[in-house]
Amino acid sequence: MNTTGNFEQALDALLDVYHRQGNLVVFTGAGVSKESGIPTFRDAQTGLWANYNPEDLATREGFLKNPRMVWEWYDFRRNKVWDTQPNPGHTALANFETLFSNFTLITQNIDNLHQSAGSQQVLELHGNIFRYKCLDKNHPVSLDLLDGNAEELPPHCPVCNSYVRPDVVWFGEMLPDIILSRAFDAAAKAELMLVAGTSGVVQPAASIPATASEAGATVIEINPDMSALTPFVVNLFLQGPSGRILSDLLEALRVRIKQPVSDV
Ligand code: BJW
């Protein structure tokens with residue numbers, strides 16, 4: 001795909017929405033956290049699913065088969081995420097939120113890095129690795145309030161005694177209702193959608209850009225590689241890492257609107 005000139009066109013599209021106070025929606029995936037050192041899922045060499053089987057680790061059945069292993073795998077990932085920092089892509093998006101009057105950030109990521117970068121409103125489609133709930137009744141659980149007994153992992157829910165699990169969405173599970181409908185509503189009203197760092201293969205999230213496109217939005221994708229979405233819904237493809245491209249877009253936008261640099 002020839003992407004020469006796409007940066008300028010993307011900038012013009014952002015400026016147009018900025019001046020008209022139109023709806024800007026951003027949809028992110030694991031690739032936006034890659035430059036923070038968090039592996040994506042489907043990279044053939046370094047992706048999480050290159051070394052682990054999603055059926056064993058990211059399903060209810062896998063958890064019931066080997067609860068301790070799944071618990072420890074999420075503990076391991078949580079500790080890794082804890083040691084990372086937001087990258088310039090996360091920071092740029094937090095700044096877009098303050099610049100654009102009508103802005104929605106939808107993420108499939110569970111790593112909390114958008115919030116750490118300063119994003120105030122984040123629609124988390126697949127949950128958050130720093131929250132816990134119980135397996136049977138979805139009771140929210142705070143680990144600080146449980147009696148620490150390292151021998152017994154996973155811990156049990158203080159209300160119903162079922163296992164405690166990370167509050168993330170596994171395969172075969174429904175996405176949180178209200179968040180999902182807010183995401184599709186925002187997509188249906190979007191005039192411009194930025195899609196960054198997702199392979200676009202996991203449903204129903206992957207249908208969000210198509211919803212925006214069908215409603216007439218311009219869809220700009222930022223990714224080092226083409227995704228499943230590129231041929232079908234993408235109007236402008238910006239090839240490269242989102243940390244660099246999003247911060248370049250922010251800087252260029254600030255120059256054009258003559259806004260001094262002061263990051264959130
Ligand atoms: C960079 C970069 C850089 C690299 N800068 N970019 C309809 C059709 C077909 C299947 C289904 C369907 N409906 C439901 C399904 C089944 C399933 C599904 O979609 N399966 C497909 C894989 C085929 N969906 C579900 O089960 C969902 N539930 C559901 O639909 O419920 C209703 C229902 C129930 C029962 C029966 C039927 C319907 C739930 C999906 C939950 C997904 N959960 C996970 C794990 C979360 C917890 C955890 O982290 O452990 O969410 S899976 C994983 O994939 C994670 C991600 O959020 C998600 C998306 O991945 P993402 O973000 O796109 O990452 P990658 O790795 O795929 O891509 C990274 C991209 O970054 C690449 O493009 C790189 O090039 C790029 N990149 N460096 C920018 N520097």
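Numbering of ligands and ligand atoms starts at 1, following listing order.
- Ligand 1 has a nitrogen or oxygen under 3.5 angstrom from a nitrogen or oxygen of H126.
- Between K34 and ligand 1, no N or O atom pair is found at a separation short of 3.5 Å.
- Both V122 and L246 are members of a single hydrophobic cluster when ILVMFWY side chains are connected at heavy-atom separations under 4.5 Å.
- Ligand 1 has no N or O atom lying under 3.5 Å from any N or O atom of W49, backbone or side chain.
- The part of E173 lying near ligand 1 is the backbone, judged by heavy-atom distances below 4.0 Å.
- The pair K80-D111 does not count as a salt bridge, with every side-chain nitrogen at least 4.0 angstrom from each carboxylate oxygen.
- Protein heavy atom in closest approach to atom 17 (C) of ligand 1: F171 CD2, 3.9 Å.
- Counting heavy atoms from C-beta on, the side chains of V25 and I208 never come closer than 4.5 Å.
- Applying the 4.0 Å criterion to heavy atoms of Y74 picks out, from ligand 1, the atoms 47 (C), 48 (C), 50 (O).
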#### Entry: Pair T40-D43, side-chain hydrogen bond (donor to acceptor under 3.5 Å, both in side chains): steps then yes or no
CA-CA 6 Å; T40 61; D43 183 282; 5.0 Å; no
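- Counting only heavy atoms of the protein, atom 40 (C) of ligand 1 lies nearest to V202 CG1, 3.7 Å.
- Atom 60 (O) of ligand 1 has R42 NH1, 3.1 Å as its closest protein atom, hydrogens excluded (heavy atom only).
- Looking at W170 against ligand 1, only its backbone comes within 4.0 Å, counting heavy atoms.
- Looking at atom 32 (C) of ligand 1, its nearest protein heavy atom turns out to be M174 SD, 3.5 Å.
- Using a 4.0 Å threshold on non-hydrogen atoms, atom 38 (C) of ligand 1 does not count as touching the protein.
- No single ILVMFWY cluster, assembled from side-chain heavy atoms under 4.5 Å apart, contains both V169 and I110.
- Scanning the protein heavy atoms around atom 76 (C) of ligand 1, the nearest turns out to be N223 OD1, 3.3 Å.
- A salt bridge links R165 to E173: one of the charged nitrogens lies within less than 4.0 Å of a carboxylate oxygen.
- Residue S199 touches ligand 1 through backbone and side chain together, judged by heavy-atom distances below 4.0 Å.
- No path of Ile, Leu, Val, Met, Phe, Trp and Tyr side chains, each step under 4.5 Å between heavy atoms, connects V168 with I106, placing them in separate hydrophobic clusters.
- With atom 63 (O) of ligand 1 as the reference point, the heavy atom nearest to it among L229, L48, T198 is part of T198.
- Note on ring orientation: taking the six-membered ring where Trp is involved, the planes of W49 and F171 are tilted (angle from 30° to 60°).
- Between T104 and R182, the closest side-chain pair of non-hydrogen atoms is not below 4.5 Å.
- Counting only heavy atoms from C-beta outward, the side chains of V17 and T218 never approach each other to under 4.5 Å.
- Nearest protein heavy-atom neighbour of atom 49 (O) of ligand 1: R77 NH2, 2.7 Å.
- Contact atoms of ligand 1 toward T40: 66 (O), 69 (C) (distance under 4.0 Å to a heavy atom of the residue).
- Contact annotation: the side chain of S33 approaches that of H90 to within less than 4.5 Å [non-hydrogen atoms, C-beta and beyond].
- Within the structure, the closest approach of G47 to ligand 1 does not fall below 4.0 Å when heavy atoms are considered.
- Checking G197, A205, G89 against atom 70 (C) of ligand 1, the nearest heavy atom belongs to G197.
- Every atom of ligand 1 with a heavy atom of E35 under 4.0 Å away is listed here by number and element: 3 (C), 5 (N), 80 (N).
- Residue M69 is not grouped with residue V164 when hydrophobic side chains (ILVMFWY) are merged at heavy-atom distances under 4.5 angstrom, including chains of intermediate members.
- Per-atom contact check: atom 10 (C) of ligand 1 does not touch the protein, criterion being a heavy-atom distance below 4.0 Å.
- Contact of the N66 side chain with the W73 side chain is not registered, since no non-hydrogen atoms from C-beta on lie closer than 4.5 Å.
- In this structure, atom 46 (C) of ligand 1 has protein heavy atoms in its sub-4.0 angstrom surroundings.
- Shown in contact with P204 at under 4.0 Å from a heavy atom are these atoms of ligand 1, numbered in order with element: 30 (O).
- Between A30 and ligand 1, a contact under 3.5 Å exists for at least one N or O pair.
- Residue-ligand proximity: A196 is placed with every non-hydrogen atom at 4.0 Å or more from ligand 1.
- In this structure, E61 does not pair ionically with K65, as no charged nitrogen and carboxylate oxygen lie closer than 4.0 Å.
- Under a 4.0 Å criterion applied to the non-hydrogen atoms of G29, ligand 1 contributes the atoms 62 (O).
- Atom 8 (C) of ligand 1 has Q203 CG, 3.8 Å as its closest protein atom, hydrogens excluded (heavy atom only).
- Near P224, with a cut-off below 4.0 Å to any heavy atom, the atoms of ligand 1 are 1 (C), 2 (C), 3 (C), 5 (N), 6 (N), 77 (N), 78 (N), 79 (C).
- Contacts with ligand 1 closer than 4.0 Å are made by no heavy atom of S227, backbone or side chain.
- Here the side chain of E191 pairs a donor or acceptor atom with the backbone of N23 at under 3.5 angstrom.
- Between W170 and Y74, the ring-plane angle classifies as tilted under the 30° and 60° cut-offs.
- For ligand 1, the atoms closer than 4.0 angstrom to any heavy atom of Q108 are 57 (O), 59 (C).
- The side-chain heavy atoms of L175 and H126, taken from C-beta on, include a pair separated by under 4.5 Å.
- Following chains of ILVMFWY side-chain contacts shorter than 4.5 Å, one cannot reach L125 starting from F41, and the two form parts of different hydrophobic clusters.
- Only the backbone of V201 comes within 4.0 Å of ligand 1, counting heavy atoms alone; no side-chain atom from C-beta on gets that close.
- In this structure, the protein non-hydrogen atom closest to atom 5 (N) of ligand 1 is S242 N, 3.0 Å.
- Contact annotation: G172 has at least one heavy atom less than 4.0 Å from an atom of ligand 1.
- The cationic group of R78 does not satisfy the cation-pi geometry with W82, failing either the under 6.0 Å distance to the six-membered ring centre or the 45° limit from the ring axis.
- Here's the thing with V169: one of its N/O atoms is less than 3.5 angstrom from an N/O atom of ligand 1.
- Near P241, with a cut-off below 4.0 Å to any heavy atom, the atoms of ligand 1 are 3 (C), 5 (N), 80 (N).
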